[in-house]
Structures are given as C-alpha cells and as structure tokens.
Amino acid sequence: MRLHQVQISIARDGEDDARRFYGEALGLQEVSKPPSLTGRGGCWFRAFDGDVITAELHLGVEEPFRPAEKAHPGLVLDTLDELEATAARIEHAGYELSWAERDTFEGYVRFHARDGFGNRVEVMTPAA
C-alpha cells in the first residue's frame with residue numbers, strides 16, 4: 001500500500017489563493033484535474049523528484065468551510081537550505097509561519113505554516 005494524495009479543504013472560489021500558497025510560496029507544481037472532476041472546483045498540486053511524483057495534494061472546495069487547525073500534511077525536503085528557502089518564500093508571501101517546534105520531532109528540523117485559509121502545513125528535513 002502507498003499513499004496517493006492528501007485532500008485539503010478550501011473555501012469556494014479559493015483557487016487563486018491556493019495557487020499563491022501551494023504553487024508560488026510552497027513551490028509545488030499545479031497539475032490538471034481529470035475532466036470529470038473539474039466542475040467541483042479546487043485544484044491539485046504535486047512535487048516531483050525527476051519524473052517521479054513524491055507528493056500530491058488535492059485542494060477541494062468544502063461548504064461550509066472550516067480550516068484544519070491540527071490535522072495537516074507533512075512534507076519533507078532534502079536539505080536544510082531547501083527548508084530555509086521555502087520558509088523564506090512563505091514568509092515573504094505574507095503567510096503565517098512558526099519555527100516554535102523546530103527541533104521537537106526527533107530526527108527532523110521543521111516549521112509549521114498556515115495557508116491563506118488557515119489550514120496547517122508542516123515542512124521538514126532530516127536533521128544533520
């Protein structure tokens with residue numbers, strides 16, 4: 001068994017905000033949804049290692065919308081430099097970001113951020 005995707009809820013008409021956080025700030029690549037699902041709203045993002053998909057997030061419209069304050073995807077980057085660069089992009093874009101739990105998960109360095117909807121996202125890298 002392997003994980004195919006993680007679904008994250010967004011508010012109706014929030015696709016542009018999702019693209020700004022998940023695409024521009026977080027650095028994921030937007031991919032087309034299958035034609036049978038486009039009418040539902042939302043958008044999909046992937047991370048790649050070469051041609052291999054390493055993470056897939058589906059942003060779907062939920063009504064009524066309520067942000068995930070505790071539940072979250074955990075994304076892993078290869079290096080501390082990548083982690084710090086990603087954090088800088090997220091902060092530069094004006095999103096909430098915290099290093100408060102930086103060294104509290106053994107074996108990893110991490111931060112938590114909130115997308116424009118208030119959903120929590122964890123980004124980490126293996127500790128040196």
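Positions are given from 1, in the same order as the sequence printed here.
Inter-residue side-chain proximity for Asp115 and Leu26 is flagged as unmet; no heavy-atom pair is nearer than 4.5 Å. Side-chain contact check for Pro126 versus Val76: some heavy-atom pair is nearer than 4.5 Å. The shortest distance between side-chain heavy atoms of Thr104 and Arg110 falls below 4.5 Å. For the pair Glu56/Trp44, a side-chain contact is recorded, criterion being any heavy-atom separation below 4.5 Å from C-beta on. Side-chain contact between His72 and Val121 is absent, with no heavy atoms from C-beta onward closer than 4.5 Å.
Not one N or O on the side chain of Arg12 forms a donor-acceptor pair closer than 3.5 Å with the backbone of Gly41. Judged by distance alone, the side chain of Asn119 and the main-chain N or O of Ala68 form a donor-acceptor pair under 3.5 Å. Looking only at distances, no side-chain donor or acceptor of Lys33 sits under 3.5 Å from a matching main-chain atom of Gly39. Under a 3.5 Å cut-off, the side chain of Gln5 and the backbone N or O of Leu57 do not form any donor-acceptor pair. At distances below 3.5 Å, not a single donor-acceptor pair connects side-chain atoms of His92 with backbone N or O atoms of Ile90.
Shown here are the side-chain contact (heavy atoms from CB on, under 4.5 Å) partners of Glu82, two or more places apart in sequence or in another chain: Leu77, Asp78, Thr79. Partners of Asp81 according to the side-chain hydrogen bond (donor to acceptor under 3.5 Å, both in side chains) rule, which considers only residues two or more places apart in sequence or in another chain, do not exist here. The ring-ring contact (aromatic ring centres under 6.0 Å, His included) test applied to Phe48 returns no partner, not counting sequence neighbours.
Salt-bridge check for Arg120 with Glu101: passed, with a basic side-chain N closer than 4.0 Å to an acidic carboxylate O.
Taking both residues in full, the closest heavy atoms of Glu15 and Cys43 are given as O-SG, 4.2 Å, listed atom of the first, atom of the second, then distance. When every heavy atom of Phe117 is checked against every heavy atom of Pro67, the shortest pair comes out as O-CB, 3.2 Å. Between Phe21 and Ala113, the shortest heavy-atom contact is CZ-CB, 4.3 Å. Minimum heavy-atom separation, Pro73 to Val6: CB-CG1, 4.3 Å. In plain terms, the two heavy atoms of Arg19 and Phe45 that are nearest each other are CA-CZ, 3.8 Å. Closest approach of Leu28 and Ala47 over heavy atoms only: CD2-CB, 3.6 Å.
Placement of Val61 and Phe65 within a single hydrophobic cluster is found when ILVMFWY residues are connected by side-chain heavy-atom separations under 4.5 Å, directly or transitively. Transitive grouping of hydrophobic side chains (ILVMFWY, heavy atoms separated by less than 4.5 Å) brings Leu75 and Trp99 into a common cluster. Hydrophobic clustering places Leu3 together with Leu59 (ILVMFWY residues linked when any side-chain heavy atoms are closer than 4.5 Å, directly or through intermediates). Clustering ILVMFWY residues whenever any of their side-chain heavy atoms sit less than 4.5 angstrom apart, transitively, puts Tyr95 in the very cluster that holds Val123. Under the 4.5 Å side-chain heavy-atom criterion for grouping Ile, Leu, Val, Met, Phe, Trp and Tyr, Ile8 is connected to Phe111 within one hydrophobic cluster.
No side-chain donor-acceptor contact under 3.5 Å links Arg114 and Ser98.
Once rounded to the nearest 0.5 Å, the distance linking CD of Gln7 with CD of Glu62 reads 8.5 Å. In this structure, CG on Leu80 lies 14.0 Å from CE on Met124, to the nearest 0.5 angstrom. The CZ atom of Arg89 sits 11.5 Å away from atom CG of Leu97, with the distance rounded to the nearest 0.5 Å.
The neighbour count for Glu69 CD, taken as heavy atoms of other residues, nucleotides or ligands under 6.0 Å away, does not exceed 12.
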